[in-house]
Amino acid sequence: MFPEFTLRYARLPERFYERFDPVPVPAPRLVAFNQPLAEALGFDLAAFDEPRAAEWFSGNVLPAGAEPVAQAYAGHQFGHFNPRLGDGRAVLLGEVTDREGRLRDIQLKGAGMTPFSRGADGRAPLGPVLREYLVSESMHRLGVPTTRALAAVTTGERVFRRVPEPGAVLSRVAASHLRVGTFQYFAARGDQEAVRTLADLAIERHYPHLQGPALRGLEDDERYVALLEAVAGRQAVLVAKWMGLGFIHGVMNTDNCTISGETIDYGPCAFMEAHDPAMVFSSIDDQGRYAYRNQPWLAQWNLARFAETLIPLLDADQTRAIEKATEVIKHYEPRYEAEWLAVMREKLGLVKEEARDRELAEAWLEALHAGRADFTLGFRRLAEAVHDEAPALLALFESDGALREWLPRWRERLSREGVGLEAIAARMNAVNPLYIPRNHQVERMIAAAVEHDDFAPFEALAEVLAEPFTEQPGREAYAEPAPATERVFRTFCGT
Ligand code: AMP
Ligand code: MG
């Protein structure tokens, strides 16, 4: 049933990882399986057998050809450098080639204690596994680059966090698990050869155009400057998408910043409800380092750490190398701003580009903030206001003075788009979701699974989130913000 493995990472020199077999679990049970993704990865599902799949996705039985490794990496956690983090509870089984010909990592998260566990148990509780499964798949449907969830298995074991919880293993699929922290691990050891190996691997897997004929004449140093630029570009695109959805990652440490530009590690992440640029959910982020409005600049900070690891590759002359790196990192700002504006234009129904669009978008966000209006529904219901009357939009605002001033400005701007208002409303609805993984729905789903072994809410929520832009009659409640009694203000890593 498993597609054939390519052991690209496991064939790197030994210092890139620790060989490590998943630690068996007593009673694996498959609780979620992503059939469309499995098909896209080339799994043969004709022979699909649930108990067998549970053995595989728990790590109890290794699929043929897998050579599991725990990857080495370092990372800045909340600004503090840790030279050795690594996969403390995850193993990479290997890479498979998907139906589009792309290499994809398959990793088991929660697979037991590895040489990188640093005293922790190597396991994952069911709640965070289901959260990551659901939110990562939702992000994918929302058009955000992200790791994917292939399967979730309960283990029959308890793991001990604040309270004992059922243990689980998540099968995660990624374009790769290369992180800024992977480069930092070797740079911190002065291992330039390893950094070059990683840079070449990153180009091969994520930026193959940098190997292409057009660049074949490139000197190596230009190639690595181009890699840095490319990674910065992907981060700009990614964070702009997060900002457009009110998504707060929560732990943007350098070990959670991918070279591929995918979102990774859905720990204390959350979607904002009432719009507040200073919003923070994570219980461990007491300084608000990773607040909503800081995300673009923390991504830039992470990119600067990435650039530092590449310095020896960027130019033989160190001063020149630092200048080149600095230029790219500075250039991230206008790039991000341009991506953000593109996202906002789309969300506001604008295709043409006018000089005052940024101001218009900012004024809209200020109106949302002043009115404490729900971020997601604010954008969604704006489409109903293309003409004039929009009671459902107004109802979201505690105070609507700023909104009432803004709406005529926006309509006047729409009048210069040169297309009918209905067409504008339709294109807005195609980019402004109605359904996102609302925190209270996610909490309810987790409580049912963890406390009552009831996965029906998980299934129901996954089904709704699979079509985020389409109105689903009978499922109105999933679009609603939390009732006052269920509002979520704090989220926990739960690792
Ligand atoms: P994360 O917060 O998931 O990004 O993880 C940060 C670091 O802590 C990584 O090196 C993880 O492998 C490690 N880690 C997190 N949870 C566990 C756990 N339960 N057991 C061992 N290592 C862990
Ligand atoms: Mg992580």
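In listed order, ligands and their atoms are each counted from 1.
Ligand 1 has no atom lying under 4.0 Å from any heavy atom of G267. Taking a 4.0 Å cut-off on heavy atoms, D87 registers as neighbouring ligand 1. Residue K109 places no heavy atom under 4.0 Å from ligand 1. R118 counts as a contact of ligand 1, since one of its heavy atoms falls under 4.0 Å from the ligand.
At a 4.0 Å heavy-atom cut-off, ligand 1 touches Y73 through the side chain alone. Contacts between D265 and ligand 1 below 4.0 angstrom, taking non-hydrogen atoms only, involve the side chain exclusively.
Below 3.5 Å of separation, one finds an N or O of G86 facing an N or O of ligand 1. At a 3.5 angstrom cut-off on N or O pairs, Q77 does not count as close to ligand 1.
Checked by atom type and distance alone, the side chain of K324 pairs as donor or acceptor with a backbone atom of L314 at under 3.5 Å. Here the side chain of R205 pairs a donor or acceptor atom with the backbone of L103 at under 3.5 angstrom.
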Given side chain to side chain contact (heavy atoms under 4.5 Å, CB included), test F78 with N253 step by step and report yes or no. CA-CA 6 Å; F78 292 90; N253 293 336; 4.0 Å; yes
One pair to check against side chain to side chain contact (heavy atoms under 4.5 Å, CB included): F375 and Y292. What are the steps and the verdict? CA-CA 12 Å; F375 187 88; Y292 173 73; 3.8 Å; yes
Pair D200, Y224 - check side-chain hydrogen bond (donor to acceptor under 3.5 Å, both in side chains), show working. CA-CA 9 Å; D200 291 339; Y224 298 126; 2.6 Å; yes
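Listed by atom number, the atoms of ligand 1 under 4.0 Å from G122 heavy atoms are 18 (C), 19 (N), 20 (N), 21 (C). Atoms of ligand 1 found under 4.0 Å from any heavy atom of R123, numbered from 1 in the order shown, are 19 (N). Of all atoms in ligand 1, listed by their number and element, those nearer than 4.0 Å to a heavy atom of N256 are 4 (O).
Heavy-atom minimum distance, V239 versus A299: CG2-CB, 3.7 Å.
Among the atoms of D265, an N, O or S atom falls under 2.8 Å of the Mg ion (ligand 2). Checking N253 against the Mg ion (ligand 2), every N/O/S atom stays at or beyond the 2.8 Å cut-off.
We find that E308 and R305 are joined by a salt bridge, their nearest charged nitrogen and carboxylate oxygen being less than 4.0 Å apart.
In this structure, H249 and Y266 have tilted ring planes: the angle between them lies in the 30° to 60° band.
Distances from atom 3 (O) of ligand 1 to the heavy atoms of R161, E132, M113, R89 put R89 nearest.
Shown are F33, F57, F455, F458; of these, the ring-ring contact (aromatic ring centres under 6.0 Å, His included) with Y133 is made only by F458.
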